[in-house]
Amino acid sequence: MSIELSKNFEPQAIEEKWYSHWLDKDYFSSRPDDRKPYTIVIPPPNVTGVLHLGHTLNETVQDVLIRKARMSGYNACWVPGSDHASIATEAKVVQMLEKEKGIHKHDLTREAFLKHAFEWKDKYGGIIYHQIKKLGCSVDWNRTTFTMDDHYYKAVIKVFIDLFNKGLIYRGARIINWDPQAQTALSDEEVEYKDIQGKLYYVKYKVVKVETANVNEEASIDNSPLTIGDEFILIATQRPETIMGDVAVCVHPQDERYKHLIGRKVIVPLVNHEVPVIADEYVDPTFGTGALKITPAHDINDYNLGLKHNLPIIDTLNPDGTLSEAAQVFVGMDRFDARKAAIDQLKEDGLLVKEEEYSTRLGFSQRTNCVVEPRISTQWFVKMKELAGKALEAVTSGDIKIHPEERFLATYKYWLENVKDWCISRQLWWGQRIPAWYDEEGLFVVAETETEAKEAFQKAFNRQPASLVQDADVLDTWFSSWLWPIEVFNGITDPGNPEIDYYYPTSVLVTGQDIIFFWVARMVMAGEEYMNERPFEHVYFTGMVRDKQGRKMSKQLGNSPDLLELIERFGADAVRFGILISAPAGNDLLFDDSSCDQGRNFNNKIWNALKLVKMWEANGAIAYDRSGEDFEKATFAATWFEARLKKVKAELEELYTDFRLSEALKTVYSLIWDDFCSWYLEWVKPPFGEKIDNHLLTCTLDFFEELMQLLHPFMPFVTEEIYHHLRSREEGDDLTIRQQGDLGKNHFSISAIKDEDALALGRSLQEMITAIRDTRSKAGLKPKENISLHIQTTAPELFTNIESLLAKQVAAGTIQYVADSVPNAMTVVVGTNKFYIETEQEIDIEAQKEKLQKDLEYQRGFLLSVEKKLSNERFVQNAKPEVVEAERRKKQDAEEKIRAIEESLANL
RNA sequence: GGGCUGUUAGCUCAGUUGGUUUAGAGCGUUGCUUUGACAGAGCAAAGGUCACUGGUUCGAAUCCAGUACAGCCCACCA
């Protein structure tokens with residue numbers, strides 16, 4: 001299969017080829033069998049979205065885990081899918097309809113709107129799947145699930161009805177977060193608070209004058225004729241446009257400034273209502289003016305105070321954020337315009353005393369980014385307390401392991417311990433419609449179909465309704481997402497089916513920490529409630545992807561790179577590499593193109609290593625004399641690399657177990673680049689014009705294969721491509737499904753050398769080579785220039801195995817062993833071995849001395865620190881014996897080194 | 001206000017039960033090499049009192065406390 005290999009690796013040419021090959025072979029499909037399952041469900045991206053770098057990171061991590069599992073004997077199953085994202089998608093569809101077709105949502109019927117929405121979904125929903133493919137993700141496409149699929153829809157409804165019947169879902173009027181732009185209720189989690197520079201307005205509320213004569217006759221106070229006097233209470237407010245909804249003014253009961261006013265009345269500005277002055281310890285007398293206006297309809301705290309003091313509620317806002325009839329003034333005006341108008345009016349009336357800069361935090365809708373309005377509204381809620389208990393238990397008991405644990409356990413716990421009821425109804429059309437049915441009086445039943453509703457109604461109220469109308473609202477998107485790990489296997493609609501039994505609980509959930517409450521905690525609740533079991537064994541939280549300056553990726557800043565463009569530029573493997581290499585678990589990562597560069601260079605490095613090995617092969621390998629001692633020596637490189645490979649593989653297993661993937665990648669990277677390419681290949685490289693030993697070649701190919709296998713989970717395309725170039729393969733022999741352990745057959749190795757010794761010898765060989773190179777470099781000797789190397793050593797047996805490798809450093813020069821120093825040579829001391837380098841060139845004695853002097857100083861300093869330790873009695877007494885022993889060895893070592901350097905210095 | 005992280009080389013980050021040397025990597029920088037796998041490269045080098053202060057210990061980048069700075073989450077007092 002000898003073909004021309006391109007100069008550099010060209011990812012674009014092969015990615016498409018391999019992905020379709022893998023699909024053709026059905027490698028990513030999973031069906032229950034007698035292997036152990038390894039299951040991951042993808043966090044379903046929003047159907048209308050595109051993958052940003054956060055997704056890219058998540059998907060890459062999942063693919064690494066699933067590919068590793070697939071290559072380790074597991075039945076790996078990765079379920080892809082997407083989320084209907086009710087509010088986000090509906091907003092986009094509404095916008096599109098207005099922009100492109102001039103259609104307003106409220107001009108359409110529900111059915112017509114949904115038709116447009118599904119069209120939109122079909123048109124744009126495929127984008128994310130395309131991106132997942134381009135990234136090389138090994139998902140089981142047969143299992144693609146959408147949260148509005150028929151069975152999924154049914155599951156959501158089934159769960160709603162079930163929870164309602166269990167008394168865990170209720171309907172009621174509460175103060176909720178209202179999104180005036182989308183005109184829907186939101187859950188607490190969908191509100192994001194941001195610091196805002198606002199203003200505090202100080203407004204006079206005039207006090208109603210009481211007739212002096214009647215002061216002592218309490219009963220008659222209310223009936224007495226009232227006049228407005230000059231006395232007033234000053235009230236600070238951020239929201240003058242809500243003044244019309246004021247129903248009281250509240251002060252602290254012990255506040256001397258206002259004590260005399262409690263029980264009297266004040267006039268609400270702008271509308272001239274008369275409202276009482278009440279007292280409550282809730283008020284902080286030291287804040288603002290110590291007097292608070294009470295607007296129960298538009299503030300959560302005021303609402304609570306209103307309940308306590310039995311105050312009326314005046315809702316002055318329409319659902320769209322304009323002022324309602326109840327406001328009496330500025331009716332129909334937007335809330336922010338009304339604020340300006342109110343300020344102007346207050347000024348005109350002489351009631352605005354001052355304005356103050358004030359920094360505060362305002363709630364914004366996560367989806368539409370408009371300021372959220374607290375509003376009283378009848379909505380559906382899930383009682384969370386009971387569900388939260390089980391979800392808390394699952395994590396605190398260690399049943400579910402969170403990575404990195406320390407950081408997120410506390411957050412998770414705190415939320416569950418303080419969880420409030422979950423508002424699940426949304427005034428939207430795109431989503432699962434709430435299965436509640438109302439008669440003309442507003443009595444309702446919960447049932448899946450109208451027919452069932454009628455029966456239920458008969459049962460509940462003992463009569464037939466004149467008509468039944470289904471609730472117009474849909475459910476929060478997360479009310480469907482929380483069933484994801486169950487219903488992708490039909491676990492709700494078809495409980496106990498073989499698939500859910502086999503795949504559930506899933507192995508690991510990989511997601512962003514930002515949805516720990518929205519999704520993770522709630523999935524645990526649903527899992528415990530409907531499967532009586534945790535939904536996943538492990539949760540792996542990835543960090544946020546930020547730009548180089550640490551800013552969040554956002555469309556507005558334009559700092560969010562387009563994934564397809566990145567892949568186009570660098571190749572999918574390089575992008576995966578780039579995002580993963582800088583992403584330790586749970587830490588935010590600052591993404592920079594340059595890490596993709598590194599990935600691309602890595603591709604290229606491997607590619608060129610392949611070219612080198614294939615060139616040896618093309619030149620024809622021959623059999624060296626296997627019986628000879630020389631051959632044994634020559635194989636030290638292979639012995640060393642095999643030991644190295646073994647060691648690193650063990651390290652990798654540990655890193656995988658701990659979910660330390662970026663470290664695992666770094667480890668493989670360094671194994672390939674440094675150990676394999678920089679050392680091993682250079683060591684076994686035959687001299688120019690000579691042929692390689694065929695056994696050594698086989699061995700090298702085996703190593704290469706194994707390296708590709710280790711790297712494959714991270715960089716699937718380049719590794720699969722190289723795997724097929726290394727050797728010709730049978731149909732169906734692909735790296736993607738090749739099992740670890742298939743490779744790594746017994747290579748030849750020097751029988752007398754143990755792994756540790758081979759590694760140690762390799763390390764000192766590297767040290768020697770580096771020192772010789774350094775000397776050459778400092779002396780300006782070119783690599784081709786011959787040198788004579790004289791080795792003065794106390795352990796000549798060490799060199800028998802590595803002499804041939806050392807010989808590569810002398811070009812066509814010679815190696816000799818000497819008993820004494822060599823005059824007029826450059827001296828290098830490595831450990832206790834001395835190397836004398838003889839050249840044609842004249843040597844710079846001073847530079848030599850300087851270098852040795854520097855070494856000497858270092859060693860002496862080191863010796864000093866070791867001696868200090870050893871002379872400390874308490875160290876010798878308390879430290880572990882092996883530590884003391886190690887120090888003693890270090891001391892001896894340093895002393896020998898010093899002696900060697902001193903001798904060399906003396907000889908100069 | 002409550003909670004949680006982080007502060008290590010110019011930049012971005014590793015450093016897993018405290019003890020293989022006086023701390024590593026990538027990028028960047030500086031030399032040299034246009035060498036027959038690779039200039040998207042090789043070889044070599046420079047660069048850090050591990051934020052600060054104290055404590056525990058024979059021994060601290062590592063454990064503890066405090067301080068400073070940075071960031072995140074939660075709560076949401078006009």
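Nucleotide B:rC76 forms no Watson-Crick or G-U wobble pair with any nucleotide shown, as no partner meets the under 3.5 Å limit on both distances. Here B:rC4 sits opposite B:rG71 as a Watson-Crick or G-U wobble pair (both hydrogen-bonding atom distances under 3.5 Å). For B:rC11, the paired nucleotide is B:rG26, the pair qualifying as Watson-Crick or G-U wobble because both relevant distances are below 3.5 Å. Nucleotide B:rA41 forms a pair with B:rU33, judged by Watson-Crick or G-U wobble geometry with both contacts under 3.5 Å. Using N1 to N3 plus N6-O4 or O6-N4 for Watson-Crick, or N1-O2 and O6-N3 for G-U wobble, each under 3.5 Å, B:rA46 pairs with nothing. Across all strands shown, B:rU20 forms no Watson-Crick or G-U wobble pair with both distances under 3.5 Å. The base-pairing partner of B:rG59, taking Watson-Crick or G-U wobble contacts with both distances under 3.5 Å, does not exist among the strands shown.
Here A:K605 lies in heavy-atom contact (under 4.0 Å) with a base. Within the nucleic acid shown, A:F602 has no heavy atom closer than 4.0 Å to any nucleic acid atom. A:Y358 comes within 4.0 angstrom of sugar-phosphate atoms only, judged by non-hydrogen atoms across all strands, and of no base. Looking at heavy-atom distances under 4.0 Å, A:T289 makes no contact with the nucleic acid at all. Within the 4.0 angstrom heavy-atom criterion, only backbone atoms of the sugar-phosphate kind lie near A:L590; the bases stay farther away. In this structure, A:V884 reaches neither bases nor backbone, as no heavy-atom distance under 4.0 Å exists between it and the strands shown. Nucleic acid contact class of A:T295 (heavy atoms, under 4.0 Å, all strands): none. Nucleic acid contact class of A:D284 (heavy atoms, under 4.0 Å, all strands): base.
Looking at A:R773, its side chain has no donor and acceptor atom pair within 3.5 Å of the base of B:rC43. A donor-acceptor contact under 3.5 angstrom links the side-chain atoms of A:E682 to the base of B:rA37.
For B:rU20 and B:rA41, the P atoms lie 34 Å apart once the distance is rounded to whole Å. The gap from the P atom of B:rC52 to that of B:rA61 amounts to 11 Å, rounded to the nearest Å. Distance check on atom P: B:rG15 versus B:rA9 gives 15 Å, rounded to whole Å. The same atom, P, is picked in B:rC73 and in B:rG26; the two are 34 Å apart, to the nearest Å. On the P atoms, B:rA75 is 29 Å away from B:rA14, given to the nearest whole Å. With both ends at atom C1', the span from B:rU8 to B:rC69 equals 16 Å, rounded to whole Å.
A cation-pi arrangement, defined by a distance under 6.0 Å to the six-membered ring centre and an angle within 45 degrees of its axis, is absent between A:K199 and A:Y358.
Contact check for A:D299 versus A:P374: no side-chain heavy atoms found under the 4.5 Å cut-off. With contacts defined as side-chain heavy-atom distances shorter than 4.5 Å, the pair A:I516/A:V539 does not qualify. Side-chain contact between A:W616 and A:E690: absent, with no pair of heavy atoms (C-beta onward) separated by less than 4.5 Å. Side-chain contact between A:I579 and A:S595: absent, with no pair of heavy atoms (C-beta onward) separated by less than 4.5 Å. Taking the side chain as every heavy atom from C-beta outward, A:V372 and A:L362 never approach each other to under 4.5 Å.
Listed nucleotides B:rA78, B:rG36, B:rG40 differ in distance to A:F688; the shortest reach to its side chain belongs to B:rG36. Candidate nucleotides B:rA78, B:rA37, B:rA45 were compared by shortest atom distance to the side chain of A:T237, and B:rA78 ranks first. Closest contact between the side chain of A:N601 and the listed nucleotides B:rC38, B:rG40, B:rC77 involves B:rG40. Relative to the side chain of A:W673, the nucleotides B:rA44, B:rA78, B:rG42 differ in distance, and B:rG42 lies closest. Taking every side-chain heavy atom of A:N608 into account, B:rA37 is the closest of B:rA37, B:rA39, B:rA44. Looking at the side chain of A:K420, the nearest of the listed nucleotides B:rG15, B:rC76, B:rA41 is B:rC76. Side-chain atoms of A:L200 lie closest to B:rA78 of the nucleotides B:rA78, B:rG19, B:rG40. In this structure, of B:rU16, B:rA78, B:rA37, it is B:rA78 that holds the atom nearest to the side chain of A:F287. In the set B:rA14, B:rA37, B:rA78, B:rA14 carries the atom at the smallest distance from any side-chain atom of A:E663. Candidate nucleotides B:rA39, B:rA37, B:rC76 were compared by shortest atom distance to the side chain of A:C677, and B:rA37 ranks first.
Atom CG of A:L612 and atom CG of A:L5 lie 11.5 Å apart (nearest 0.5 Å).
A donor-acceptor pair under 3.5 Å links the side-chain atoms of A:D573 to the main chain of A:V718, judged by distance alone. Proximity of a side-chain donor or acceptor of A:Q366 to a complementary backbone N or O of A:E189 within less than 3.5 Å is not detected. Judged by distance alone, the side chain of A:D280 and the main-chain N or O of A:Y282 form a donor-acceptor pair under 3.5 Å.
Aromatic ring pairs are classed by plane angle as parallel below 30°, tilted from 30° to 60° and perpendicular above 60°; the pair A:F408 and A:F541 is tilted. The aromatic rings of A:F9 and A:W607 are tilted relative to each other, their planes meeting at an angle between 30° and 60°.
Of the residues near RNA chain B, A:E767 and A:P285, the one whose nearest nucleotide (by heavy atom distance) lies more toward the 5' end is A:E767.
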Can you name the atoms? Protein N/O to nucleotides 1-3 of chain B N/O, anything below 3.5 Å, with the distance.
none

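For the pair A:I722 CD1 and B:rC38 P, the interatomic distance rounds to 15 Å; values are reported in whole Å. In this entry the distance linking CH2 of A:W415 with P of B:rC76 reads 14 Å, nearest Å.
The side chain to side chain donor-acceptor pair (under 3.5 Å) with A:R600 is formed by just one residue from the set A:N603, A:N604, A:D597; it is A:D597.
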Return a single string for nucleotides 54-64 of chain B, one symbol per nucleotide in 5' to 3' order, where B is base contact, S is sugar-phosphate-only contact and - is none, cutoff 4.0 angstrom on heavy atoms. ----B------
